[in-house]
Amino acid sequence: MKLSEEYSIKVAALQSAEHQLTVDLSKRITPDIWLDVLIYFEHNLEQSSAAELYDALFEKGTDFAANVYLNEEDYTFFIDKIRTILARYAAINPHAWVELGLQHILCRRHVVEKEKASLYLNRGIDAGVEWASPLYLYYNYLGLLADIDRDIAKAELDALALGGDLWGIAYAAHIDVWTDKYEEVFDRIQLLKQSPERKILRHYYEALQFYYARKEDKGKRLQTLEEGITMAESRYCRFVLNEIKRAEAASIDEQELLVPEYRELFEYGMMDAAVQIALVKLQALGNNREKQDFEEPLWYLQKAYDYNNNYAGYRLACLYLYQEAVQDIDKGLSLLRLLDEKDRYVEAQVELAEILLEGRFLPRDEKSAFLRFSAMAEKNIAYAKLRMGNMVESGYDGVAPDYKTAFAYYQDAATDKLPQALYQVGRYLKYGIHGEEPDLAAALPYFEEAAGYNNATALTEMGLAAELKSEPDYKLAFDYFSRAADLGYPYAYYLKGIYLENDYHQSGAPQPKAAFTAFEIGANMQELNSIYELARCYRGGIGTEINLDRMIALYQQAAERNHVQALTDLGLCYEYGYGLNQDTFKAQENIKKAADLGFPYATYVLGRYYLTGLVQKDAAHGLQLLEEAAQKNVAEALLLLGDYFFFDYDQLEEYDKGFDYYTRAEKLGYLTEGIGMCYEFGVGVEVHPAKAFGYYKQAAERGNQQASYRLARCYYFGIGTEIDKAASFGYFMEVAQQGNVYASYFVAVQLLEGDGIPMDLRDGIEWLMKAAEADHADAQYKLANCYLMGDGVEENEDLALEWFERAADNGHEDAIRLTKKTRK
């Protein structure tokens, strides 16, 4: 049945005395009887009971309770009826002028008439309704009306408040609590608490809870909300309390328990509650979504939008644009355009500009996007200034980047305390992007302020700054990185993982598993450094099991994005056949890419490839690349160049040059046996056995095998130190176990001769055999003598002759004379 028909039937029943009103008007009127009370009110406008009925309908109750579920036809009848009744009653009670004004603005958008709203509110002002003028000024400030400039409206509202007007104090407090004046609000609103009018008392509690929110005093805020509900029946306090409960809910199931409260608030006209119902329902849907799953959240968003909640319209548009199950691009774009053109809703304007900039749903049009952002910037929209800075910085529509102009846009946006703009100003100052000298000290206040708003990039910069203090504070740095990671900033997960792996923040011990988890989260967010670090974890078993397949896959993923270390490591894996089939061509291909991207270590590896002829030998080019790497302090390049000249790879006889390269590498903290050999043999420097011994010892302690071998020889022959055969045997054995043939020979000699250690012919022969089979000429000659004399083995002249001949073939002088062979 149509509402108009139902209304007529009830009117007829009332007129025939078949219908009598039996309602306790002291209580809130429920939706099911609201219409009955309205009919009774209409037919008793001139009776003394009309004032009580009016208060019950529009003060204790609300017309929304009866109209939110009406279809468009019934709603049109309903709103016309309400306006007609109020217009009649306003002649009796001027307060109804204000309510009539509200019925032209707090209604469904298709029947909003702002001019009439202003007209009726001004009639209320003229009639002396005490709250009409403050409300009128407040609505002009908010932009719901557009009769007065918002700054003028605020000034007039402040004047009322300073004059002690309670309604002026109430509405001014709602504005000031969100400004730098919020500290003044508490004292000013105390006058409201003494008012006998429940509506003013509601404003007191609602403003006070916002004050405590700004003070971050949760306890006082909760207490105020409870009092506002109990003492003033504030529906807004109920809504905020429900919001707090939702924020604290541990699960979506707990959030859904709050929906009935939101629904009741929605039925009393709070469209924000309808939006929250929709958001809870959307969150509960999970990933597997069908079209029918969206019916309820779409309904609530549409309903809130119908009642002028522009945010609901924006969310509705985004669902139609970006949610595949309900995608309707035309409908989504149409909603955004309506919000832009009719309501000047900023989020919709921003979204349209971003769509044009991205070229999604509409043809890419950078110029139009910039013009849109420019128009918003003229209205002092900070985000628009930020995006203009972004566009000018990167260049748009054929316009070259202009860093100084971009910096000016960022500075302008930063004055409005936009966190990302504050960060951008800090970034420009830190790196000197605006054409000035880098100035970290000037940048830090911007980073710090942005970090105070939980801007993840600024928090990360604060962490990096903590590392650069004269006394680095790594614990503070880790705290910043962790906070940024908790906010979902991918790069922060990489930094957090590095700290956890190495315990830079001195938590007590490295945490490889936690580091692995941080890298994994960052990698799942496609953070390039984290992808590489995760590959490294799989390579070395850091916080996880070694998994070469995963390692290679991650290296390849990072290499595709030109991560120079990943390219280099992947190249080395191809070189050595680690985790995949050996392929020297692919090795060189990846290493060259990294070198071309400017990675010094890759330049060194590429130089090594050309020097040694891994794919194609080109010693001159190899040396050139090694010199380039050496100039960039790649120690491995310096060491290889030192070896090149010391060991005279290409018979240049420029041995002395080796010493300079070895020395430069030492200054970088890198040591091999090279510099020690220079001092031992006087190559490029005066002979100094003691220094040679010292360098061998240092390099051996760092795990250099050849240095350990040279150190063993020092102890064995007394080079730069006292002869210590026991010490020499220890070092020879350590290196022999690593496969060093020369050390194996000395181990054998000491064991066979009991030279400084107990004799052990069996082990001695075993080590001697290893060296001899590896073509060590002295070992072959000695083994031949063992077979000839039966030392440690059974006497065997044939085997003796065989080993003499093999030693002779390897150039052993005594073996050559013995076998009467010439040296090859």
Side-chain angles (χ1 to χ4, degrees), residues 28 59-62 64 102 106 131 134-135 137-139 141-142 144 154 157-158 160-161 164-249 254-255 257-277 279-280 304 309 311 417 452-454:
R28 182 174 295 164
E59 298 298 337
K60 295 187 181 71
T62 168
F64 289 102
L102 295 178
L106 301 183
W131 60 294
L135 179 65
L137 294 171
Y138 182 64
Y139 276 9
Y141 176 83
L142 294 180
L144 293 175
K154 179 62 167 65
L157 189 59
D158 287 341
L160 288 175
D165 185 291
L166 295 182
W167 288 102
I169 292 171
Y171 285 115
H174 283 304
I175 298 171
D176 289 341
V177 79
W178 296 112
T179 70
D180 293 339
K181 294 183 177 181
Y182 82 93
E183 289 283 10
E184 304 171 14
V185 168
F186 180 85
D187 291 333
R188 281 198 276 117
I189 63 174
Q190 294 308 308
L191 284 173
L192 306 181
K193 190 177 182 180
Q194 311 306 319
S195 174
E197 289 194 48
R198 180 169 290 173
K199 287 181 71 173
I200 285 189
L201 194 58
R202 282 204 295 268
H203 283 292
Y204 166 75
Y205 285 111
E206 289 165 10
L208 184 62
Q209 69 87 21
F210 277 130
Y211 167 79
Y212 284 127
R214 291 295 307 274
K215 296 286 285 184
E216 297 183 357
D217 190 333
K218 185 177 178 182
K220 290 278 184 67
R221 189 185 190 197
L222 290 173
Q223 179 183 340
T224 301
L225 290 169
E226 295 286 2
E227 288 180 5
I229 295 167
T230 303
M231 306 296 295
E233 296 185 2
S234 168
R235 288 187 285 274
Y236 190 75
C237 285
R238 284 173 60 188
F239 174 76
V240 173
L241 189 60
N242 222 39
E243 287 285 86
I244 292 173
K245 290 177 181 177
R246 184 185 168 204
E248 294 175 345
E254 288 186 19
Q255 291 189 42
L257 292 175
L258 303 172
V259 167
E261 176 73 359
Y262 280 132
R263 186 176 292 113
E264 184 176 342
L265 292 167
F266 156 66
E267 290 172 350
Y268 280 98
M270 295 197 68
M271 293 303 134
D272 284 340
V275 173
Q276 296 310 313
I277 293 172
L279 296 180
V280 171
N309 187 300
Y311 176 72
K417 307 301 182 184
Y453 292 104
N454 280 332

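In this text, all values refer to a predicted model and were calculated from it rather than measured experimentally.
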**OP:** Step by step, work out the side chain to side chain contact (heavy atoms under 4.5 Å, CB included) result for D176 and R188.
**Re:** CA-CA 11 Å; D176 289 341; R188 281 198 276 117; 2.8 Å; yes

Subject >> Validation row, ring centre F239 to ring centre Y268 under 6.0 Å >> reply: no

Original post:
In terms of side-chain geometry, is the basic nitrogen of K154 or D158 positioned less than 4.0 Å from the acidic oxygen of its partner?
Top reply: yes

Original post:
Which of parallel (below 30°), tilted (30 to 60°) and perpendicular (above 60°) describes H174 and Y138?
Top reply: tilted

Locate the shortest heavy-atom distance separating [X] from [Y]; write the atom from each residue and the value.
X    : Y    : answer
A173 : V185 : CB-CG1, 4.0 Å
V280 : Q255 : CG2-OE1, 3.9 Å
Q209 : V240 : OE1-CG1, 3.5 Å

What distance do [X] atom [atom1] and [Y] atom [atom2] have between them, rounded to the nearest 0.5 Å?
X    : Y    : atom1 : atom2 : value
Y236 : L265 : OH    : CG    : 11.5 Å
L222 : D217 : CG    : CG    : 9.0 Å
T224 : L241 : OG1   : CG    : 11.5 Å
K245 : E254 : NZ    : CD    : 12.0 Å
M270 : Q276 : CE    : CD    : 10.0 Å
L137 : L157 : CG    : CG    : 5.5 Å

[Y] side chain reached by [X] side chain, heavy atoms, under 4.5 Å:
X    : Y    : result
K199 : W167 : yes
I244 : R221 : yes
Y171 : L142 : no
F266 : M271 : yes
V275 : Y311 : yes
Q223 : Y212 : no
H203 : I169 : no
L225 : C237 : yes

**OP:** Show your working on side chain to side chain contact (heavy atoms under 4.5 Å, CB included) between R246 and L279 and close with a plain yes or no.
**Re:** CA-CA 11 Å; R246 184 185 168 204; L279 296 180; 3.8 Å; yes

Original post:
Hey, mind stepping through E184 and Y211 against side chain to side chain contact (heavy atoms under 4.5 Å, CB included) and telling me if it holds?
Top reply: CA-CA 9 Å; E184 304 171 14; Y211 167 79; over 6 Å; no

Subject >> Worked verdict on K215 versus Y182 for side chain to side chain contact (heavy atoms under 4.5 Å, CB included) >> reply: CA-CA 9 Å; K215 296 286 285 184; Y182 82 93; 3.8 Å; yes

Original post:
S234 and side chain to side chain donor-acceptor pair (under 3.5 Å): which partner among R198, R202, E206?
Top reply: E206

Original post:
Any donor-acceptor pair under 3.5 Å linking the side chain of Q190 with the backbone of F186?
Top reply: yes

**OP:** Before giving the answer on side chain to side chain donor-acceptor pair (under 3.5 Å), spell out for Y205 and E226 the whole-Å C-alpha distance, their side-chain angles and the decisive distance to 0.1 Å.
**Re:** CA-CA 9 Å; Y205 285 111; E226 295 286 2; over 6 Å; no

Subject >> Pair R238-E233, salt bridge (Lys or Arg N to Asp or Glu O under 4.0 Å): steps then yes or no >> reply: CA-CA 9 Å; R238 284 173 60 188; E233 296 185 2; over 6 Å; no

